[in-house]
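Structure, as structure tokens:
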Amino acid sequence: MGRSAPVAANQERIVKKRRRSFLKKWDAPIAGYLFISPWLIGFIGLTAYPLLLSLYYSFTNYTLLRPIEWVGTKNYVNIFSSDPKFEESLRATFQYVIASVPLKLIAALLIAMLLNKAIRGIGVYRTAIYFPSLIGGSIAVSMLWRNIFGVDGIFNKIIASFGFEGKGWITSPDTAMSTLVLLAVWQFGSAMVIFLAGLKQIPNDLYEASSVDGANQFVQFFRITLPMLSPIIYFNLIMGVINAFQMFTSAFVITNGGPMNSTYVYALYLYERAFSRYQLGYSSALAWIMLVIIVIASLIIAGTSRYWVFYETETEGRKRRR
């Protein structure tokens with residue numbers, strides 16, 4: 001009895017010590033999870049759960065009007081084998097992405113370079129130029145854009161004053177997509193701000209040294225500015241491609257997919273299947289196909305980035321290894 005009491009007390013101390021060490025070990029992670037719990041709950045409830053639910057619906061014949069019926073890969077087979085509108089909308093979407101993303105990046109970079117000047121009142125100019133991007137994706141701006149490029153719009157009145165004959169730019173299959181691309185290019189503000197921040201990080205010593213060596217502004221742009229901005233170009237390119245593939249508002253409000261389905265982009269087709277025909281299972285399959293397309297496009301850009309994206313830290317590491 002005399003020996004068992006100290007042994008029991010010693011074992012109890014060991015257990016308490018292990019418990020305290022265990023709680024101490026998990027103290028910091030628990031605190032971290034508590035701090036991010038609002039975001040974590042929102043992510044699980046508003047993103048992860050709907051994402052997984054749409055994946056399940058893509059394998060069903062879910063129509064809101066009948067009980068959910070599991071159909072396996074039937075929706076995907078029908079999309080790729082017997083859905084001409086899928087190919088048509090995909091073609092229009094790729095046309096929009098290929099045209100709008102490079103033009104938007106070029107416009108954003110050029111404007112950022114113009115605003116990267118130490119002149120009086122430059123902050124006012126930056127705010128004024130960035131402001132359209134705050135409202136550029138709204139329905140009101142899309143309706144305004146439709147009125148500007150209509151038959152009786154202000155654009156036709158302007159070119160008529162120079163002796164040119166106007167037309168319905170959004171009612172012609174040859175120019176309807178161009179008006180949507182122009183609207184996308186007009187929304188260059190976010191990319192411009194990022195480019196402007198990158199331009200301010202480029203050391204002036206590089207330009208001064210190149211000027212001493214006889215480099216003009218053209219050479220400096222291609223030998224200094226573009227390489228130093230390549231990580232930012234890479235980021236803006238990825239974000240631009242992702243956003244362009246999901247374009248919906250302007251096509252829905254300005255042209256509604258017309259004329260002759262020339263602006264019938266993928267998101268508009270997905271919307272029609274989901275909320276006009278109530279084929280939610282079919283539209284979920286369309287959404288997942290678009291997700292895969294966006295992932296593939298992003299991976300292609302990421303895979304080619306090693307050949308054109310310049311990172312100063314990587315260059316220094318290579319020099320040290322040599």
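Just so you know, residue 1 is the first one in the sequence shown, and it goes up from there.
- Each ring-ring contact (aromatic ring centres under 6.0 Å, His included) pair with one or both residues in residues 211-231, not counting sequence neighbours, appears once here: F218-F222.
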Exercise for review: Please report the C-alpha distance between V253 and W145 in whole Å, then the side-chain angles of each, then the deciding distance to 0.1 Å, and finally whether the side-chain contact (heavy atoms from CB on, under 4.5 Å) criterion is met.
Suggested key: CA-CA 9 Å; V253 175; W145 208 260; over 6 Å; no
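- For Y278, the OH atom is loosely surrounded, since the number of other residues' heavy atoms within 6.0 Å does not exceed 12.
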Exercise for review: Using the side-chain hydrogen bond (donor to acceptor under 3.5 Å, both in side chains) rule, take T225 and Y207 through it: C-alpha gap first, then chi angles, then the decisive distance, then the call.
Suggested key: CA-CA 9 Å; T225 305; Y207 294 105; 2.7 Å; yes
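- The backbone N or O of S58 lies less than 3.5 Å from a partner atom in the side chain of N75, making a donor-acceptor pair.
- For Q220 and S211, the side-chain atoms include at least one donor-acceptor pair closer than 3.5 Å.
- V151 and L144 fall into different hydrophobic clusters, defined by Ile, Leu, Val, Met, Phe, Trp and Tyr side-chain heavy atoms under 4.5 Å apart, directly or through other members.
- In the hydrophobic clustering of ILVMFWY residues, with side-chain heavy atoms under 4.5 Å counting as a link, F235 and I300 come out apart.
- Closest of all the heavy-atom pairs between L196 and A112 is CD1-O, 3.5 Å.
- Side chain of Y266 to main chain of L286: a donor-acceptor pair is present (N/O by atom type, distance under 3.5 Å, no hydrogens or angles).
- Put simply, L270 and V77 are part of two different groups of oily side chains (I, L, V, M, F, W, Y) that touch within less than 4.5 Å, one to the next.
- Its side chain outside the 4.5 Å cluster rule for every partner, V71 clusters with none of the Ile, Leu, Val, Met, Phe, Trp and Tyr residues.
- Summarising the geometry, atom OG1 belonging to T179 is positioned 11.0 Å from atom CD1 belonging to I148; distances are rounded to the nearest 0.5 Å.
- Between F94 and F245, the distance separating the two ring centers is shorter than 6.0 angstrom.
- For the side-chain contact (heavy atoms from CB on, under 4.5 Å) with I44, the qualifying choice from L46, I41, L40 is L40, the only one to do so.
- Here the side chains of S298 and I294 are in contact, with some heavy-atom distance below 4.5 Å.
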Check your understanding: Would Y282 and Y62 satisfy ring-ring contact (aromatic ring centres under 6.0 Å, His included), going step by step from the backbone distance to the final call?
Key -> CA-CA 8 Å; Y282 197 90; Y62 182 36; over 10 Å; no
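- Residues S172 and K167 are in side-chain contact: their nearest non-hydrogen atoms beyond the backbone lie under 4.5 Å apart.
- Residue V185 comes nearest to S100 through the heavy atom pair CG2-O, 4.3 Å, listed as atom of the first residue, atom of the second, then distance.
- The side chain to side chain donor-acceptor pair (under 3.5 Å) test with W169 singles out one residue from N156, D174, T175, and that residue is N156.
- A single hydrophobic cluster is not seen to contain both V193 and L110; linkage of ILVMFWY side chains at heavy-atom distances under 4.5 Å, directly or through other members, places them apart.
- Under a hydrophobic clustering in which Ile, Leu, Val, Met, Phe, Trp and Tyr are joined whenever their side-chain heavy atoms come within less than 4.5 Å, directly or via other members, I98 and L180 fall into different clusters.
- Closest of all the heavy-atom pairs between L229 and F195 is CD2-O, 4.2 Å.
- When each of Y271, Y269, F275 is checked for a ring pair (Phe, Tyr, Trp, His ring centres under 6.0 Å) with F252, only Y271 meets the rule.
- For CZ of R223, the number of neighbouring non-hydrogen atoms (other residues, nucleotides, ligands) closer than 6.0 Å is 12 at most.
- Here the straight-line distance linking atom CD1 of I232 with atom CG of L226 works out to 11.5 Å at 0.5 Å rounding.
- For the pair S89 (side chain) and F86 (backbone), a donor-acceptor distance under 3.5 Å is present.
- Summarising the geometry of V101 relative to A244, their closest heavy-atom pair is CG2-CB, 3.7 Å, with the distance given to 0.1 Å.
- Between W308 and Y234, the two ring planes are perpendicular [angle over 60°; tilted spans 30° to 60°].
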Exercise for review: Take Y57 and I68 through the test side-chain contact (heavy atoms from CB on, under 4.5 Å) and record every step on the way to the result.
Suggested key: CA-CA 8 Å; Y57 286 155; I68 298 177; 3.7 Å; yes
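- Contact annotation: the side chain of L183 approaches that of W186 to within less than 4.5 Å [non-hydrogen atoms, C-beta and beyond].
- One finds a salt bridge joining R273 and D83 here, because a Lys/Arg side-chain nitrogen approaches an Asp/Glu carboxylate oxygen to under 4.0 Å.
- S262 and A176 get closest at one heavy-atom pair: OG-CB, 3.9 Å.
- Residues T263 and Y96 bring no donor and acceptor atom of their side chains to less than 3.5 Å of each other.
- Using modelled atom types, no side-chain atom of K200 and backbone atom of N116 make a donor-acceptor pair closer than 3.5 Å.
- Atom CG of L280 is separated from atom OG1 of T60 by 8.5 Å, given to the nearest 0.5 angstrom.
- Atom CD1 of I154 sits about 12.0 Å away from atom CD1 of I159, to the nearest 0.5 Å.
- The CG atom of L90 lies 15.0 Å from the NZ atom of K85; values are rounded to the nearest 0.5 Å.
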Check your understanding: Is there a side-chain contact (heavy atoms from CB on, under 4.5 Å) between M239 and I194 once you walk through the steps?
Key -> CA-CA 12 Å; M239 299 304 297; I194 299 175; over 6 Å; no
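- Heavy atoms from other residues, nucleotides or ligands lying under 6.0 Å from CG of D152 number 12 at most.
- When only modelled atom types and interatomic distance are considered, S54 and W288 share a side-chain donor-acceptor pair under 3.5 Å.
- To the nearest 0.5 angstrom, M192 atom CE is 13.5 Å from L105 atom CG.
- A251 and V265 make their closest contact through CB-CG2, 3.8 Å (heavy atoms, listed as atom of the first residue, atom of the second, distance).
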